Amino acid sequence: MALLRRPGWPWLMLHELRLDWRAVGGGRAWILLGLGGALYALAHYGAWIVLSRSTPEQWLASASPGYFVLEAVAGLVVLSMAFGLAVRTLFFRGDLDLLLSAPVAAVTVFAVRAVFVALRCVALVALLVSPFIHAGVLLGRWHMLLAYPALAAFGLACAAVAFAATLALARRLGVRRARIAAQVLGALIGATLAIGVQLPNALPAAGRERVLAWLGAHTEGWFGPDSVMAWPLRALAGEPPFALGAVVAGVALFGLMLPMNWRGFLDAVQRADDAGRREEPSRAAAARARLFRTGLARIVVAKELKLLLRDPMLVGSSLVQVLYLVPLLIVVWNRGATATAQLLGPGVVLLLANLCGSLAWICVSAEEAPDLVRAAPVESWRVNFYKASAAALGPALIGLPFVGWYLVRSARDGLAVALFLALALWSSAAIQLWSARAVRARDLALRRKDRVGINLLEMLTAFGWAAACHAAIRGSLAVLGGIAVAIAGLALAHAVRPRSDD
Amino acid sequence: MAAALEIRGLTKQFGGKVAVDHLDLRVREGEFHALLGPNGAGKTTTLRIVAGLTAPDQGTISILGHDIAVDPIGARRVLAFLPDDPLLYGKLDAFEYLEFVAGLWSMEPRAARSRAEELLALLGLAPDAHKRAEGYSRGMRQKLALAGALIHDPALMILDEPLTGLDAAAARLVKDLLVERVRRGGTVILTTHILEIAERLAERISIIARGRILAQGTLEELRGRAGRGDTLEDVFLDLTASDGAA
């Protein structure tokens, strides 16, 4: 027990566990656990039925390339998550000030944080595969328990790669740029497969044939039960040589990364404190001798745009959302002109509505000086309205070329896309206005945790407008259904809005 | 003399815990008033209610004749509130911050610009006026927030621990500035835990504990009430101890 009382590995592990538990919701998490537990038990029953009819070895023997694509997608998503978590660990200081100023070795702090990044990024996969592991054990396949250390080792390997790459970026580019670069890199990794799979489709037919033939020739034997690509699946199935191999590889990679990077970690954390600051006056600012702006709308919009554009993390997060337009564009582009027209507009409406909601949340709820704004002799709703308008400007500008493309193609379609895009942006902004609640940090990651119900309603509304857009382009009466869904989402969001913010 | 601030029967509870308990307070126009009290006495809650940041459960508040329940915008127009931990926009420089504040108070842009330059020079922030606030020290942030509070020339200033984080020279500068405002007819209400400041600057003092005003008056009057002729510290401790609040 003495180990738990002094600040070493186990003590810090407990600290991390407690923080994670509190982040889930502490006491409220028991309710979630209760609800999730029932589903989890059901998943065990399903897994037991599946495993009593066939074994993982049999699945692998008859595995189609689709299994391997799924495996690669899961792997890349885990790696992408590791990047996101590494950035947060390194550059959002949290309690690192306290920990690093305490008499605890920095390497211990780094190691514990990195281990938890590893565990967090494989937690979802563990949740999905664990019913199969447990069912396997119940059916007498004890070796399937080896999937757990294999999974943890995979997490360690991803964390090692993410930390090493992020710290290398910090050394190369400086902390300020590394934050954005690592974030975008993580998102690119996550989207790589989606983009990669669609890339051949973007080529002209003749070129596509050549590329596919070349790929076929060079990847022969990659996707089979005895291929290297099957090793991770075999490790997850608990096959001892593969599981142990994964553990050795993951631990070795992590063990190598740790001594090579802990000083870099310390340096990055120390420099992160200064990275957000830009003390030197810009030449443009210093030369500025203009009059102050006039008019509340201009002042609020100008202030919000400055704050958005000067926040590299925020710009990075927003770019990541826009990045997901790329696979969508490729997918729809190759389905012929009609299909492109029918799918592109709704996709743009959906994604930009989401981006608008995120930015509106930042502008309205994550106001940095709420007391100043509330104490000013102006109606709060006016200020918030202008803030939401500023948030909608960026997504509207991104949407303009798409509207232009539609207008050139068909005036009716162009007007439909413009209308539903405007309605979707307005709805996302309005929902954020209605549900505004002061939060401390301008961090999009917080938004996902803040008022999950409101976010779902915002998504439902955007989906309704996107569906209406799709139906309008097809000339279908289903447009009314989409509008009804969107209005229902809006009405619900309005009904559950907080009545007082005091 | 007319009242710059008149509070009657102000009550506020947070989850059943009484923070302000039927509080009455009258601050005259052109007065330097100090609001003193132990931690958790209800000072900040009272001031936040006056500034319109927290809704009261009961009571009326009038700021220079504007009832904040009836005419909140009119009341805020003549008021400046400086919280103890002013939140600024890290990514805006001092000029941009003051431009935003001036816009909120609908100031004429030319006058606002000139006033901003004057205040930044006065508070020693002119050399850093084009640097972003995220690079400012605690004291510089406090001074910038003060400039924001002063830019629209409020008739009533309410300051919650305004000298926190300031070095001796800056604290002296701020004190002189506040005294000068009162000399020119403005009203200043401040809270502070540094009793010497209240003793030296304030014309009248209110001592608050457990959400109620324990005593109010000039230093002499408070001494008489406490039955001691010593410092404000003695009087404060005597009054709050007899109330069981200290």
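All values reported here derive from a predicted model rather than from experimental measurement. In what follows, chains are A, B, ... by sequence order, proteins preceding strands, each numbered from 1.
- The two residues A:Val378 and B:Leu104 have their closest heavy-atom pair at CG1-O, 3.5 Å.
- Heavy-atom distances place the side chain of A:Val383, and not its backbone, under 4.5 Å from chain B.
- When heavy atoms are compared at a cutoff of 4.5 Å, B:Val78 does not approach chain A at all.
- B:Arg76 places a side-chain N or O within 3.5 Å of a backbone atom of A:Ala376 that can act as its donor or acceptor partner.
- Proximity to chain A (any heavy atom under 4.5 Å) is shown, for B:Ala75, by neither the backbone nor the side chain.
- What you find for A:Lys303 and B:Leu92 is that their closest heavy atoms are CG-CD1, 3.9 Å.
- Between the OH atom in B:Tyr89 and the CG atom in A:Leu372 there is a gap of 5.5 Å [rounded to 0.5 Å].
- In this structure, A:Leu296 CG and B:Trp105 CH2 are separated by 11.5 Å, a value rounded to the nearest 0.5 Å.
- The minimum heavy-atom distance between A:Arg310 and B:Lys91, with the atom names listed, is NH1-O, 2.6 Å.
- Within a 6.0 Å sphere centred on CZ of B:Arg138, other residues, nucleotides and ligands contribute more than 12 heavy atoms.
- Summarising the geometry of A:Arg374 relative to B:Gly52, their closest heavy-atom pair is NH2-O, 4.4 Å, with the distance given to 0.1 Å.
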